[in-house]
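One structure below.
The model shown is predicted, which means the values in this text are computed figures rather than measured ones. Chain letters run A, B, ... following the sequence lines, proteins first and then strands; every chain starts at 1.
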There are 2 protein chains.
Amino acid sequence: MKHFSEISPTAVRVVDAAEGLVQQHGYNGFSYDDVAQLVGIKKPSIHHHFPKKEELVAVVAQRYTHRFREALLSIEGQHAKAPDRLIAYAALFERTFAKDRRLCVCGMLGAESDSLPEAVASEVERFFKVNLEWLKLVVADGQRAALITSKSTAEVLAEAFLCALEGAMVVGRGMRSSRGPTEVGNTFLFSVLT
Amino acid sequence: MKHFSEISPTAVRVVDAAEGLVQQHGYNGFSYDDVAQLVGIKKPSIHHHFPKKEELVAVVAQRYTHRFREALLSIEGQHAKAPDRLIAYAALFERTFAKDRRLCVCGMLGAESDSLPEAVASEVERFFKVNLEWLKLVVADGQRAALITSKSTAEVLAEAFLCALEGAMVVGRGMRSSRGPTEVGNTFLFSVLT
DNA sequence: GTCTATATTGTGATAGAC
DNA sequence: GTCTATCACAATATAGAC
């Protein structure tokens, strides 16, 4: 599989455009022509960079996961305590949703997962595993420091938190509300942590 | 807009097939040919019952919401206390997911909402409003009876609970896990509400 | 109500010139 | 790398016979 770090400047713009289209319309909701028009080149030029659609979207998901990992590392550098880290984590989702009510790339693709090419579905799966693993460690740390008092396991708390944030984006969109995932995240944190 | 209660027996089978296809592949992920093959008639016959795709899917969402309201009423008849009602509510989602990891019709359509015909998007919006309204009343009742001790408002607790359940289906699918929304629902009920 | 046939448009993908 | 031209096919949708 191609790696996003080894692609040309134009290919980067193609991935940028495809990322936005996936967030707004899903895998089956956009075409190579849509990408071409956003980038400002013709359809066959998109195929030159990414011969198959599943390749393009797999790279979109791959890069998205990588950037998320960078963001998680950045949070660790900026916040020492578990509750602050979880608040910063929720803010990642809020920032995504704030831009045209965009969905998480892997939230959208996750919903479509059963009708996705394997190469894409496995990238999506990896995104969730990476996030759950990180959240689990943060929650466990918070419990150890008695900053999180819930008696549920770190694993199920991490999963519930992630699901609440992903769900908030889907429901917010479905209700055509401009309210982002922050409130749902806060409700969860406020009730679980204290 | 056509009402689902006034359609012919064959049209009912068409809606049945379309409902499953929406849950598994989304609005943009299935075609009239897919519906035709499931029902066992030809594509133009589907058009005879539902001339436009948006009409068909709008009826799918309309009927889905109606059935949900019936289920909510049934829960009220079977459970008196708020926590029991919320557990039964989560079980509705679990049953949907248990069948081939199907998504909530409006969870799937909610994710796609921005690229949906208005007639469909407004039905989806209504589904969420109906559910949030019901959940809010149940939560408020639970708080009045001191069975739910969280100090957050009934409104935000209702929203967080719904988002957690919808999100659990999306994440469960994205992770290709067979674990349904029940665990997330339980975590929420156990840690957040009490 | 269902069918065959067809119109029309869109879609992923390729060939080959520049 | 980008383009024009084109393919093969799938999509929504309609006309009109039975």
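Whole-Å rounding puts the A:K52 NZ to C:dT14 P distance at 6 Å. Counting to the nearest Å, the P atom of D:dC3 and the NE2 atom of A:H47 are 13 Å from each other. Distance, B:H49 NE2 to C:dC3 C1': 12 Å, rounded to whole Å. When the C1' atom of C:dT9 is taken as reference, atom NZ of B:K53 falls 15 Å away, rounded to whole Å. When the P atom of D:dG1 is taken as reference, atom CD1 of A:I7 falls 11 Å away, rounded to whole Å. Summarising the geometry, the separation between NE2 on B:H48 and P on D:dA17 is reported as 17 Å, rounded to the nearest angstrom. In this structure, A:I41 places its CD1 atom 5 Å from P of D:dT2, rounding to the nearest Å. When the P atom of C:dT11 is taken as reference, atom NE2 of A:H25 falls 12 Å away, rounded to whole Å.
Among the protein residues, A:F30 comes within range of the sugar-phosphate backbone only, with heavy atoms under 4.0 Å from sugar or phosphate atoms but none that close to a base. Counting any heavy atom pair closer than 4.0 Å across all strands shown, A:S45 reaches a base atom. Among the protein residues, B:K43 comes within range of the nucleic acid bases, having at least one heavy atom under 4.0 Å from a base atom.
Of the side-chain N and O atoms in A:T10, none sit less than 4.0 angstrom from OP1 or OP2 of D:dG1.
Comparing A:P44 and A:D34 along DNA chain C, the residue whose closest nucleotide (by nearest heavy atom) sits nearer the 5' end is A:D34.
For B:F97, the side-chain contact (heavy atoms from CB on, under 4.5 Å) criterion is met by B:R101, B:M169, B:P181, not counting sequence neighbours.
Each of A:F4, A:F128, A:F127 was scored for a ring-ring contact (aromatic ring centres under 6.0 Å, His included) with A:Y64, with one residue passing: A:F127.
The side chain of B:K42 has C:dT4 as its nearest neighbour among D:dA11, D:dG1, C:dT4.
With hydrogens and angles left out, the side-chain atoms of A:S152 and B:S191 include a donor and acceptor closer than 3.5 Å.
Sorted by first and then second residue, the salt bridge (Lys or Arg N to Asp or Glu O under 4.0 Å) pairs with a member in residues 181-194 of chain B read B:R179-B:E183; sequence neighbours excluded.
A salt bridge does not link B:E159 with B:K136: none of the charged nitrogens is closer than 4.0 Å to a carboxylate oxygen.
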